[in-house]
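Values below: every heavy atom of this structure, side chains too, minus hydrogens, waters and symmetry copies. Since this is a predicted model, take the numbers as computed values, not measurements. Quick note on labels: first sequence line is chain A, next is B, and so on, each numbered from 1.
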Amino acid sequence: MNVNDKAYKEKVYELVRQIPVGHVMTYGQIATILGEGYTPRTVGYVMHAAETENVPWQRVINSQGKCSTGRLTIPMNLQQQMLEQEGVEFNAKGKCDLNKFVWWPEGSEPEELHPSLFS
DNA sequence: AACTTGACGAGGG
DNA sequence: CCCCTCGCCAAGT
């Protein structure tokens, strides 16, 4: 199972497609939930191609609650703007409250998977 | 094959 | 809160 396998990528996309409007998930969170073979970096790698996969890619941000699209082909601030349009709030420094906007799939346990991340 | 660069993350200063 | 280091894993050069 490597990052180029169709099935490997699909698992990421399927999960991302489940994120409700107005909510987000982090790369590390996705990697933890998918488990075996997935790491934050590989999730990020898979996501760079998400634009063409009918996936709400804007709902995936980093563990600091910020958008990591600075040096991409994606226009600056586009991701944040799209999220704000869905109701996700960001402070002046471009950071959102993960406690409030992160979404957890049915069955996962936030406290256990993501200890003291939200401060 | 060596080295650099990421849509990353945690810990320390 | 910012910055740096390290661990991580795959791609590009």
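The CD atom of A/E86 sits 9.5 Å away from the CD1 atom of A/I19 when rounded to the nearest 0.5 Å. The CG atom of A/L98 sits 7.0 Å away from the OG1 atom of A/T26 when rounded to the nearest 0.5 Å.
Rounded to whole Å, the distance from NZ on A/K9 to C1' on C/dA11 is 13 Å. As a whole-Å value, the separation of A/N91 CG from C/dC1 C1' is 11 Å. Atom CG in A/D5 sits about 11 Å away from atom P in C/dA10, given to the nearest Å. In this structure, A/L98 atom CG and B/dA10 atom P are separated by 11 Å, rounded to whole Å. A/K66 places its NZ atom 14 Å from the C1' atom of B/dG9, with the value rounded to the nearest Å. A/I61 has its CD1 atom 14 Å from the C1' atom of B/dG9, to the nearest Å. Rounding to whole angstrom units, CD of residue A/Q64 and P of B/dA10 are separated by 7 Å.
Residue pairs meeting the ring pair (Phe, Tyr, Trp, His ring centres under 6.0 Å) criterion with at least one member in residues 4-29 of chain A, sequence neighbours excluded: A/Y8-A/Y38.
Between B/dA10, B/dA7, C/dC2, one nucleotide has an atom nearer to the side chain of A/W57 than all others, and that is B/dA7. Residue A/N62 has its side chain nearest to B/dC8 when only B/dC8, B/dA7, B/dA10 are considered. When distances are taken from the side chain of A/E51 to each of C/dA10, B/dG9, B/dA7, the shortest belongs to B/dA7.
The stretch residues 36-48 of chain A touches DNA chain C through A/T39, A/R41, A/T42, A/Y45, each having a heavy atom under 4.0 angstrom from the strand. For the segment residues 10-18 of chain A, no residue has any heavy atom less than 4.0 angstrom from an atom of DNA chain C.
Heavy atoms of other residues, nucleotides or ligands lying less than 6.0 angstrom from CG of A/N54 number 12 at most.
At a threshold of 4.5 Å between non-hydrogen side-chain atoms, the residues A/F90 and A/K66 do not count as touching.
At distances below 3.5 Å, not a single donor-acceptor pair connects side-chain atoms of A/D5 with backbone N or O atoms of A/A7. Distance alone, capped at 3.5 Å, places no donor-acceptor pair between the A/Q29 side chain and the A/W104 backbone. With hydrogens and angles ignored, the 3.5 Å screen pairs no side-chain donor or acceptor of A/Q58 with any backbone N or O of A/M82.
Heavy atoms of A/N4 sit under 4.0 angstrom from primed sugar atoms or phosphate atoms, though from no base atom.
A donor atom on one side chain and an acceptor atom on the other are found under 3.5 Å apart for A/E84 and A/Q80.
Look at A/K93 and you won't find any side-chain N or O under 4.0 angstrom from OP1 or OP2 of C/dC2. The phosphate of B/dA7 has neither OP1 nor OP2 within less than 4.0 Å of any side-chain N or O from A/S68.
As rounded to the nearest Å, B/dT5 and C/dC8 have C1' atoms that lie 13 Å from one another. Taking atom C1' on both B/dA1 and C/dG12, the two are 14 Å apart, rounded to the nearest angstrom.
Of all heavy-atom pairs between A/C67 and A/I61, the closest is SG-CG2, 4.3 Å.
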